Amino acid sequence: MEAAYDPQRVEAHWYDRWESAGVFRPEHNPDGAPFCIVIPPPNVTGSLHMGHALNLSVQDVITRRKRMQGFAALWVPGSDHAGIATQNVVERELAAEGKTRHDLGREAFIERVWDWKARSGGRITEQIRRMGFSCDWTRERFTMDEGLSRAVRTVFVRLYEEGLIYRGNRIINWCPRCHTALSDIEVEHEDTTGELVYIDYPFTDGSGAVTVATTRAETMLGDTGVAVHPDDERYRDQVGKTVRLPLLGRKIPVVADEGVDPEFGTGAVKVTPAHDPLDHEIAERHGLEAIAMLDEEAVVTEAGGRFAGLDRYAAREAVKEALAADGVLRKIEEHHHSVGHCYRCHTAVEPYLSDQWFVKVRPLVIPAIETVRRGEMRFIPERWENNYFHWMENLRDWTISRQIWWGHRIPAWTCADCGEVTVAETDPTTCACGSTDLVQDPDVLDTWFSSALWPFSTLGWPDDTGDLAKFYPNSVLVTAYDIIYFWVARMIKMGLHFPGKPPYPDVVIHGLIRAADGRKMSKSLGNALDPLEVVGEHGADALRLALIQAASPGHDVPFQVEWVDAARRFGNKLWNAVRFAVPHLEGVDLPADGGYPDDPEPEERWVLARLHETYRRVDDLLEEYRFSDAYGLLYNFAWSEVFDWYLEMAKTPLRGDEAATAAHTVGIVLRDLLKLFHPVIPYLTEELWSHLVGGDRLLAGAAWPDPPAYEAPLGFEDFRALVVGIRRFRAEHGLSPRHPLTVTLVDPAGEAEDWWDRQFEALAAVSPQTAKGEPSGEAFTRVAAGEVQAFISLEGIVDVEDERVRLRKDADDAAETLARIEKKLANPQFVERAPAEVVSKEREKAAELGSKVSRLRAQLDDLG
RNA sequence: GGGCGCUUAGCUCAGGGGGAGAGCGCUUCCUUGACGCGGAAGAGGUCACAGGUUCAAAUCCUGUAGCGCCCACCA
């Protein structure tokens, strides 16, 4: 075994071994109960970021543990075609060649994207492997592969036939840069300081003007009305009149509509039906015409007269100038509001009137809400359920068509002869009218439409596959909170509607990884950490352990690289612990499971008892998805109990006659630690397992431990307190840790156990004499634990005055605490009302402190 | 405008009615045959503030302040 822990070397070879042994396949445990997680499919365009690293680490901890517990555990990997994002990437590549997608044409462009995917799309899966995540790659899926595309079509057609998908002409969110419609949640609102522009619209009868207020002066070119609230006294007489639209001269009516907020601006609003959702509604109620004055690039159309050809921002300035020149620009105020931006390219979105496909969500939402309310599904932490409910209850229809080329083509054909629309799973050749002149809808579906089907489409749906029967519903979903709406909510709706069951009972929500400065990690801010760089430096295990320990449920975490360093040092410690044990285990047959000693030595009983207790708590915490707590606990047990105490205590017997027995127990304890740590740090534990247990058996395929309970030896804590007391005595008097001391153990009740002797030598470098009564005749100090006291001779060692000062401080501190507890015990309310357990615990404490105080006082007296 | 979360040791954060915790940092000592990427012993906190409930509040409730996030047709 190499002297030093080198993560890069350790992590170089195990993944292939695991994969070729088939341990990541559920068939590894053919008789186990099914367990299934589907990966949140990363974008093919993407590379692994810290968020993925956390998300996947959590899933791997879950999956590897379940696998070790004997489940037929399946973790389905895959990636998402990421419509707009991927198309943008390839278009950018084309732009560098001086071309647009239109130069290539649709087919060639799509081919180009597939090329790009073949070339660069595999990067993220390579990174997933590098980090050791135990996915079943034989079941890898892609949202645009044949099977998933078929699932998409089946769902589309069925929803269409049920009337839950429809086509309509509506105001939608339009990205003028991506040239596509977006759903409501694909719009990110950003607070902006803009202007509120007041414009006079003169009445055609010459009786003055009505003043409207707008943040978007340029849209007045598309105005076809002015609206006021019906109860607004100020405008009562003006409803029904006609105004002349400035600059264009169009005559437009003043209408009364409930949708107008009389408090805002002047209480009169200009109505631009083609470019504002509220205005569009008002226009429909009053029969006002919709005039499109911006095109799909947000450039003013012919309808804008002399402003045609200007983009929206240039038009805004030009229109304001022209209005001012005409004397109808009343005033301009600063105005704070939020403006929607495209979540892909951050261009300000435009409300845009167009023909789109929609999913009618109401009928899908109701069962999705009820399922969670009934507790058939739960969010962890639970508080995310409220956000989910609130969002679902206020959901509007989902715009699913996108005017891009990369994605699932909408399976709808329009007959060129009769205009009839045919929606079908297989491409139709003839229309119901007999015509063969069918044109397929040019649009593709929202990327999130296919990801909504992921929990069952990846398992073979709509076919009745064995995997579908076995692994749907999935067991748990793990995701960050930022895609609950995009993804989780829609999976629940689709899962309930199609396979007819909730996709998984548990939804584990974790936070986002933030930069050390607390801000969002982003390439443009330059504060993003590349997980693969971190892995290159400290190893995948270290990063995984750091992420798992840092991630508290549902909260963001500002990530510090130092954590990874600390995690790597833990790896080094574990490495060295095993390296220490291995030579002792030569000739000892350490089983892969079981082998717990029947009649252990007291030191062993202590560690075995602690191993059992720790295992129980860690396992319970893992079952509750409290990974950070679980591994924090295990980490501390391993380091501060096993390594710092038990291995030190084991050294004495390992040199003695019973070396083989002692080594066996050391081996068992370390072996179970490797098992328990394996889900987080699989590489290191696998490597150490090969040295410790040996053989062909892989830890990744081994069984989860179940260490039995042991009764810890009495007085272990007392013993430990005495050792610390002696060490502390030396440290506080500036003596070296092995400075010889004369110690007498006074043990009136005979509580000291035989094994204390050997451990006093090993751990405290003293060989105490045992006595029934207190020694006398020289100056001494004492450290106490329970009834046993260790008297340390001060002869020739310590300035007695120093010791007196120290003792006095200790005595005063103890007396103070005692006084507080006694006061509490003197309160009859406390004694009556507090649980008996608490009261007796306080009494015990008081008794302990009482004897401590009198002991310390006695010592002071002894010193004179 | 509505909702949610956070405020605990120098830093980053756990915890969650009855003895204040971790990692990093800090102080002192120690090259003991697993490990100096280590060991031993320490220092350091009126748990944001104000009320309330309770025998008991860092923990539960109400309010205040600051910070952060999400949602909203804020013309």
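Please read all numbers here as calculations on a predicted model, not as lab measurements. Quick note on labels: first sequence line is chain A, next is B, and so on, each numbered from 1.
- As rounded to the nearest Å, B/rG15 and B/rG5 have P atoms that lie 14 Å from one another.
- The separation between A/Glu382 atom CD and B/rG5 atom P is 12 Å, rounded to whole Å.
- Residues from residues 214-223 of chain A with heavy atoms under 4.0 angstrom of RNA chain B, sorted by number: A/Thr214, A/Thr215.
- No contact: A/Lys520 has no heavy atom under 4.0 Å from any strand.
- In this structure A/His390 satisfies the side chain to side chain contact (heavy atoms under 4.5 Å, CB included) test together with A/Asn394, sequence neighbours excluded.
- Relative orientation of the A/Tyr485 and A/Trp391 rings is parallel, given thresholds of 30° and 60° on the angle between their planes.
- Using C1' as the reference atom, B/rC11 and B/rG16 are 23 Å apart when rounded to the nearest Å.
- Comparing the C1' positions of B/rG45 and B/rC61 gives a spacing of 25 Å, expressed to the nearest Å.
- The salt bridge (Lys or Arg N to Asp or Glu O under 4.0 Å) check on A/Lys651 picks up A/Glu648, with sequence neighbours excluded.
- Applying the salt bridge (Lys or Arg N to Asp or Glu O under 4.0 Å) test to A/Asp810 and every residue at least two apart in sequence or in another chain returns A/Arg806.
- When the salt bridge (Lys or Arg N to Asp or Glu O under 4.0 Å) test is applied to A/Asp184, the partners found at least two apart in sequence or on another chain are A/Arg396.
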message: Output the pairing pattern of RNA chain B as a dot-bracket string, 5' first, Watson-Crick or G-U wobble with both distances under 3.5 Å, | for cross-strand pairs, [ ] for crossing pairs.
response: (((((((..((((....[..)))).(((((.......))))).....(((((..]....))))))))))))....
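- Sorted by first and then second residue, the pairs that involve residues 185-196 of chain A and meet salt bridge (Lys or Arg N to Asp or Glu O under 4.0 Å), not counting sequence neighbours, are A/Glu186-A/Arg402, A/Glu195-A/Lys320.
- Taking atom C1' on both nucleotides, B/rU7 is separated from B/rU46 by 16 Å, rounded to a whole Å.
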- line: Per-nt protein contacts along nucleotides 11-24 of chain B (heavy atom under 4.0 Å; B base, S backbone sugar-phosphate only, - none) come out as -SSS-S-BB---SS
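- No contact: A/Arg730 has no heavy atom under 4.0 Å from any strand.
- A/Glu218 pairs by the salt bridge (Lys or Arg N to Asp or Glu O under 4.0 Å) definition with A/Arg216, A/Arg316, not counting sequence neighbours.
- If you take OH of A/Tyr388 and C1' of B/rC70, they are 17 Å apart, rounded to a whole angstrom.
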N/O to N/O distances under 3.5 Å, protein versus nucleotides 28-31 of chain B:
none

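- At the heavy-atom level, A/Asn394 lies nowhere under 4.0 Å from the strands shown.
- B/rC70 and B/rU64 are spaced 24 Å apart, taking the P atom of each and rounding to whole Å.
- The stretch residues 252-265 of chain A touches RNA chain B through A/Val260, A/Asp261, A/Phe264, each having a heavy atom within less than 4.0 Å of the strand.
- The stretch residues 276-284 of chain A comes close to RNA chain B through A/Leu278, each having a heavy atom under 4.0 Å from the strand.
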